[in-house]
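Note sheet for the following structure.
In this text the structure is predicted, and so the values were computed from the model without any measurement. For reference, positions follow the sequence shown, starting with 1.
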Amino acid sequence: KRLVLEENNKNAEEQLFTSILDAEHLNKEDVFAQARYLNVDLSGEFRVIEFAFFKERDKDDSFTIGQAIRGIIRTEFSHYLPQNILTQLQAGTVLALVPAYDVSDKLLKITQLTEKDCATRLVVGVGNSTGYLEDVRVSRNEAATAIKLANMSGREESVFFYKDQGIYTMISKITDSRFLDEFVEKNIGKLL
């Protein structure tokens, strides 16, 4: 019974996180009630952290590695938080919704444990904090953008905060690549 209950709670947590990320019109009362039932604190500010992993061993599949990383994340945050955190396994990434406080040390520890235990490199993108459920999707997009910008810059670090990406955050908001090409040619072309 206990194992079935734990599995049901894990599925309910994933569904709650998915509904927060994907729903256009959230029923906040239902979301908060379900969060309380699952021992998840959605009061105050929180942020989305994306853990992108790159499989280095041939014997493990992405799902198995993702489950192991998810376990590491949940274990590490359980040392610091009395409540559960919402996590979601996606193809090549694990998302986590965590309270907005300084998580740098915890994220570095998670990347080190993942490399040691799973022989897998993590790149972590951290979105800005928000106090509104409607903006969780924005924080999620910022976390994904931080990872993209990190990959483009070629830096060797493991943890990237969206707010610290400087001018790249502004550039990432421009969806028309022709505009960027014309801007570079017109304004910086002579320097190049």
Side-chain angles (χ1 to χ4, degrees), residues 1-53 55 60-111 113-114 117-118 120 122-147 159 161-162:
K1 282 182 177 181
R2 185 173 166 188
L3 290 173
V4 169
L5 183 62
E6 285 178 16
E7 189 64 29
N8 285 342
N9 283 348
K10 192 185 304 181
N11 291 338
E13 288 174 7
E14 277 196 21
Q15 289 174 352
L16 177 62
F17 197 8
T18 299
S19 68
I20 292 170
L21 286 173
D22 296 336
E24 289 288 325
H25 306 285
L26 290 174
N27 182 337
K28 290 181 186 177
E29 292 173 7
D30 289 345
V31 169
F32 283 114
Q34 188 174 4
R36 279 190 302 276
Y37 172 77
L38 296 169
N39 192 29
V40 174
D41 183 14
L42 293 179
S43 64
E45 292 196 352
F46 35 85
R47 66 175 53 150
V48 174
I49 302 173
E50 181 171 351
F51 300 84
F53 56 91
K55 185 172 82 159
D60 289 335
D61 62 86
S62 291
F63 181 76
T64 304
I65 293 171
Q67 288 286 66
I69 293 168
R70 185 181 187 180
I72 292 169
I73 294 165
R74 287 168 102 31
T75 301
E76 284 306 306
F77 277 102
S78 72
H79 293 304
Y80 304 103
L81 296 172
Q83 298 88 13
N84 296 329
I85 61 166
L86 295 177
T87 58
Q88 184 179 66
L89 179 60
Q90 296 185 339
T93 66
V94 177
L95 300 177
L97 183 65
V98 300
Y101 63 94
D102 185 20
V103 293
S104 301
D105 295 341
K106 290 141 200 69
L107 297 178
L108 288 174
K109 187 170 183 184
I110 290 169
T111 59
L113 285 170
T114 300
D117 296 349
C118 302
T120 302
L122 273 184
V123 176
V124 181
V126 183
N128 290 331
S129 60
T130 180
Y132 302 101
L133 288 175
E134 299 85 5
D135 291 338
V136 169
R137 181 186 295 181
V138 173
S139 182
R140 191 268 183 265
N141 291 339
E142 291 169 347
T145 300
I147 291 174
V159 179
F161 287 80
Y162 180 79

Self-check item: Side-chain heavy-atom pair Ile85, Ile73 within 4.5 angstrom cut-off
Solution: yes
Exercise. Look up atom CG in Asp41 and atom CG in Leu86, then write down how far apart they are to the nearest 0.5 Å.
Key: 10.5 Å
Quiz item: What is the minimum heavy-atom distance between Gln83 and Asn39, and which atoms define it?
Solution: CB-O, 3.2 Å
Exercise. State, to 0.1 Å, how close Ser139 and Asn128 come at their nearest heavy-atom pair, and which atoms those are.
Key: OG-O, 2.9 Å
Quiz item: Can you find a pair of side-chain heavy atoms, one from Leu81 and one from Pro99, that are under 4.5 Å apart?
Solution: yes
Quiz item: Quick one: are Phe32 and Leu42 in side-chain contact, heavy atoms under 4.5 Å?
Solution: yes
Practice problem: Before giving the answer on side-chain contact (heavy atoms from CB on, under 4.5 Å), spell out for Arg47 and Val103 the whole-Å C-alpha distance, their side-chain angles and the decisive distance to 0.1 Å. | Solution: CA-CA 10 Å; Arg47 66 175 53 150; Val103 293; 4.1 Å; yes
Quiz item: If every non-hydrogen atom of Lys106 is compared with every non-hydrogen atom of Phe77, which pair is closest and at what distance?
Solution: CD-CE2, 4.3 Å
Self-check item: Side-chain heavy atoms of Leu95 within contact of Gln90, under 4.5 Å
Solution: yes
Quiz prompt | Gln15 and Glu13 side chains, donor-acceptor separation under 3.5 Å | solution = no
Exercise. Taking the side chain as every heavy atom from C-beta outward, state whether Asn9 and Leu5 have any atom pair closer than 4.5 Å.
Key: yes
Quiz prompt | Tyr80 atom OH, over 12 foreign heavy atoms within 6.0 Å | solution = yes
Practice problem: Look at atom CD of Glu6 and say whether more than 12 heavy atoms of other residues, nucleotides or ligands are closer to it than 6.0 Å. | Solution: yes
Quiz item: From Thr93 OG1 over to Ile147 CD1, what is the distance, rounded to the nearest 0.5 angstrom?
Solution: 7.5 Å
Exercise. I would like to know whether Val124 and Val126 meet side-chain contact (heavy atoms from CB on, under 4.5 Å); could you show each step before the answer?
Key: CA-CA 7 Å; Val124 181; Val126 183; 4.2 Å; yes
Quiz item: Which value, rounded to the nearest 0.5 Å, describes the distance between Asn8 atom CG and Leu3 atom CG?
Solution: 11.0 Å
Self-check item: Over 12 non-hydrogen atoms of neighbours within 6.0 angstrom of OH in Tyr132
Solution: no
Exercise. Compare all side-chain heavy atoms of Phe46 with those of Thr130 and state whether any distance is below 4.5 angstrom.
Key: yes
Quiz prompt | Nearest non-hydrogen partners of Leu133 and Lys28, listed with the distance | solution = CD1-CG, 4.3 Å
Exercise. Check whether any side-chain heavy atom of Leu122 lies under 4.5 Å from a side-chain heavy atom of Ile110, and answer yes or no.
Key: yes
Quiz item: Going from CZ on Arg140 to OG1 on Thr145, what distance comes out if it is rounded to the nearest 0.5 angstrom?
Solution: 9.0 Å
Quiz item: With no hydrogens and no angle check, is any side-chain donor or acceptor of Thr120 less than 3.5 Å from a backbone partner on Cys118?
Solution: yes
Self-check item: Residues that Glu45 engages under side chain to side chain donor-acceptor pair (under 3.5 Å), provided they are two or more places apart
Solution: Ser129
Quiz item: Do Phe53 and Thr114 come within less than 4.5 Å of each other through their side chains, counting heavy atoms only?
Solution: no
Quiz item: In Å and rounded to the nearest 0.5 Å, what is the CG to NZ distance from Leu38 to Lys10?
Solution: 13.0 Å
Practice problem: Examine the side chains of Arg70 and Thr87 and answer whether a donor and an acceptor come within less than 3.5 Å of each other. | Solution: yes
Practice problem: Could you pull out the closest heavy-atom pair between Ala146 and Phe161, with the gap in Å? | Solution: CB-C, 4.4 Å
Quiz item: Glu14 and Gln88: which non-hydrogen atoms are nearest, and at how many Å?
Solution: O-NE2, 3.9 Å
Self-check item: Passing candidate, side chain to side chain contact (heavy atoms under 4.5 Å, CB included) with Thr18, options Leu21, Ile20, Asp22
Solution: Asp22
Quiz item: Would Arg2 and Glu7 count as a salt bridge (Lys or Arg N to Asp or Glu O under 4.0 Å) if you check the C-alpha gap in whole Å, the side-chain angles of each, and the deciding distance to 0.1 Å?
Solution: CA-CA 9 Å; Arg2 185 173 166 188; Glu7 189 64 29; over 6 Å; no
